[in-house]
Peer 1: 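Please read through the structure below; I'll follow up with questions.
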Amino acid sequence: MTTIDIPDGSGFGPANLPYGIYSRDGGSRRAATRVGDTVVDLAIVLRDRIPDSERLFASQTLNAFLAEGHERWVEVRAALADAVTGDVPAEALHPVAEVLLHLPVDFADYVDFYASEHHAANLGRLFRPDNPEPLLPNWKHLPVSYHGRTATIVESGADLVRPCGQRKGPDDPAPVFGPSTRLDIEAELGFIVGTGNKMGTMITPADAERHIFGVVIFNDWSARDIQAWEYVPLGPNLGKSFASSVSPWVVPMLALETVKCPLPGQDPTPLSHLRMAEPWGLDIALEVEWNGEVVSRPPYREMYWSPAQMLAHTTSNGAATRPGDIFASGTISGPAKDQRGAFIELTWGGAEPVVVGGAERTFLADGDVVTIRATAHTASGELIDFGQVTTRILPAAC
Ligand code: MN
């Protein structure tokens, strides 16, 4: 038995206790938490505390645990906090540098929102420059979204092959097919649904908290040239569906109780099915690094719509959700230029390059590496680290 060392300043202390999936030495995948720089095997450490810990955690994904529901999540988190602060079997512990981290969840459906007013207004100005109103008339009445592709959600560290697709610029005589020339990021948070709802029922905004299991960092890769040509009138598809990247650790909502904050303000008041007595956002700070240089710090607290309203909206027509569903927030952008969470905004459609590594840059080049990080602080000052999602761009195959 041993105790786990937590380095000073670590954001993986007992206030965090995220969930992930690891393997080592080519062995099977198993669930873990992270404490300091140590990966802690859940099936082993919870063996004497949670009777079916083997079924839940000696498992390829977190889905069985997600499906258990809110009361079990509370029970397991309490047992885990107790276990990792005492003596722990040495066989449960591995240095994080010596394991592989995998996708935490077998994702079911994926919906991507558009919940930042700053981002939506900036994109409106860029995509519809002749329209005096940057937001479309529906934007403040419902959280706008599109349905994405879970089959191409990949883990941090997985390279991204530049997508190919059809595009036609405003001055091009005809469409062409080829490698995207405007490959971009979208810095977002992803919310993982633990327990869903039956078809024909709705999850209310008040109930949503009991259904949302936790949060990951989410990079919604976007090929702006493909997107601009395809998106009218049915919305994005191939400009997005080639890849989305997620961070390995799912920070449970239970760790974020005191990270909640009021929304910036909703005017007009949403219709009753989306209305909340105290609509909450999350005070989470993101950081976007491009080839080792921080180019943006998007603040999640600026988001217009609550995650609870996003899930309520998703189910408000009676659509079913399932354990492992994920909905992402949409690009997180604050009011300041260096708070924009996509390069199309940061460089104003490529017209205002940013300097990275001494060179003027607009969209992504082959060989570029993008890392997105996120952190928060609890009310008592404990740092919550969401880890990172990092990706390298490889040349197109077409
Ligand atoms: Mn997006």
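Scope of the values below: all heavy atoms of this structure, side chains included, with no hydrogens, waters or symmetry mates. Counting convention: from 1, in listed order, for ligands and their atoms alike.
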Peer 1: Is it true that Arg361 and Asp368 have a side-chain N and a carboxylate O under 4.0 angstrom from each other?
Peer 2: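 Looking at Asp368 together with Arg361, the answer is yes, because their closest N to O distance falls below 4.0 Å.
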Peer 1: Have a look at Asp220 and say which of its N, O or S atoms is nearest the Mn ion (ligand 1).
Peer 2: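 Per the distance ranking, Asp220 contributes OD2 as its closest N/O/S atom to the Mn ion (ligand 1).
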Peer 1: Take Arg47 and Glu91 through the salt bridge (Lys or Arg N to Asp or Glu O under 4.0 Å) test and state the conclusion after the steps.
Peer 2: CA-CA 12 Å; Arg47 197 162 41 201; Glu91 58 169 328; 3.2 Å; yes
Peer 1: Which atom, among the N/O/S set of Glu186, is closest to the Mn ion (ligand 1)?
Peer 2: OE1
Peer 1: Please determine, by modelled atom types, if Asp41 and Tyr22 share a side-chain donor-acceptor pair under 3.5 angstrom.
Peer 2: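 Indeed, the side chains of Asp41 and Tyr22 share at least one donor-acceptor pair under 3.5 Å.
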Peer 1: So does Leu123 get a backbone contact from the side chain of Glu345, meaning a donor-acceptor N/O pair under 3.5 Å?
Peer 2: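 No; judged by distance alone, with no hydrogens or angles, the pair does not exist.
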Peer 1: How wide is the angle at the Mn ion (ligand 1) between OD2 of Asp112 and OE2 of Glu188, to the nearest 10°?
Peer 2: 110°
